[in-house]
Amino acid sequence: MKIDAVTIFPEYFAPAQLSLLGKAQNKGIVDLAVHDLRSITSDNHNTVDDTPYGGGAGMVMLPEVWGKALDPLLISDVDLIILTPAGKRFNQAMAESFAKVNHLVFACGRYEGIDDRVRQYYSQPEFVKSGVRVHEVSIGDYVLGGGEVASLVMIEAITRLIPGVLGNPESLMDESHNSDGYLEYPNFTKPQEWRGISVPEILLSGNHGEIAKWRKLQAQERAKKAH
């Protein structure tokens with residue numbers, strides 16, 4: 001999978017070189033490129049934002065700068081993900097969907113966000129016809145300083161679903177958020193008792209059928225509490 005991230009803070013993506021994602025890049029399974037938005041500005045101050053039309057606090061990121069950054073990336077068969085608190089909520093089903101595509105481009109906005117004409121421009125019929133798909137996505141009902149952290153969350157959730165990224169593919173069988181909508185059941189390891197708290201007896205029984213039933217029930221109960 002090819003992944004491009006456009007940002008004014010490329011240093012934010014240093015953690016992407018670590019752990020499973022870093023190994024996936026070393027293996028050639030994932031190709032991640034980070035682009036510095038300020039590097040393509042044309043003025044001495046590397047300006048990427050300006051005051052909003054209609055007034056209001058904060059600054060809005062310039063469409064012209066974003067256009068220059070995205071034009072060479074959005075050619076065909078590519079998904080542009082614009083990180084915004086107003087976007088559709090990211091979830092496991094969305095991660096699974098994005099894990100099947102060939103090319104993702106993350107637009108990491110800052111300040112009051114990216115001029116909405118960027119979204120409008122790349123959503124035009126000629127881009128849709130060439131296979132450009134635009135998504136506005138949020139990772140939760142809160143506001144971050146920018147889209148970089150949200151992009152990292154999404155990239156990790158997506159890439160771990162790509163074949164060959166996880167060392168043990170069976171790890172995907174019992175996900176924390178599975179297709180049934182349940183959360184993962186609680187897990188335990190040695191010792192059998194820790195600080196006066198014992199491992200549930202059912203897990204020591206060796207009865208795999210009953211263990212499976214217990215785990216499913218626990219997952220259902222966790223899902224109820226979470227929602």
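Reckoned from all heavy atoms, side chains included, excluding hydrogens, waters and symmetry mates.
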Does [X] reach the main-chain N or O of [Y] with its side chain, forming a donor-acceptor pair under 3.5 Å?
{"X": "Gln124", "Y": "Gln120", "result": "no"}
{"X": "Arg133", "Y": "Gly131", "result": "yes"}
{"X": "Ser138", "Y": "Gly140", "result": "yes"}
{"X": "Arg38", "Y": "Asn46", "result": "yes"}

Are [X] and [Y] side-chain neighbours, meaning at least one heavy-atom pair lies under 4.5 Å?
{"X": "Asp71", "Y": "Tyr122", "value": "yes"}
{"X": "Val118", "Y": "Met61", "value": "no"}
{"X": "Ile81", "Y": "Phe90", "value": "no"}

Is it the case that one hydrophobic cluster holds both [X] and [Y], taking links as side-chain heavy atoms less than 4.5 Å apart, direct or via other members?
{"X": "Ile211", "Y": "Tyr185", "value": "no"}
{"X": "Val48", "Y": "Val60", "value": "no"}
{"X": "Ile82", "Y": "Tyr142", "value": "yes"}
{"X": "Ile202", "Y": "Leu204", "value": "yes"}
{"X": "Leu32", "Y": "Leu18", "value": "no"}

### Query
Between Phe188 and Trp214, what is the ring plane arrangement, given parallel below 30°, perpendicular above 60°, and tilted in between?
tilted
### Task
Could you tell me the separation between the OG1 atom of Thr189 and the CG atom of Leu203, rounded to the nearest 0.5 Å?
11.0 Å
### Message
So, taking the atom named OH in Tyr12 and the one named SG in Cys108, what distance separates them when rounded to the nearest 0.5 Å?
### Response
10.5 Å
Identify the two heavy atoms, one from [X] and one from [Y], that lie closest to each other, and give their separation to 0.1 Å.
{"X": "Phe9", "Y": "Thr7", "answer": "N-OG1, 2.8 Å"}
{"X": "Gln218", "Y": "Pro186", "answer": "CB-CD, 3.7 Å"}
{"X": "Val165", "Y": "Ala24", "answer": "CG2-CB, 4.0 Å"}

### Message
I'd like to know if Arg222 pairs up with Glu184 as an ion pair, taking the criterion as any Lys NZ or Arg NE/NH1/NH2 lying under 4.0 Å from an Asp or Glu carboxylate oxygen.
### Response
no
#### Entry: Glu126 with Lys129: basic N within carboxylate O range, under 4.0 Å
no
### Task
Could you point out which residue of Asp79, Asp31, Asp4, Asp77 forms a side-chain hydrogen bond (donor to acceptor under 3.5 Å, both in side chains) with His103?
Asp4
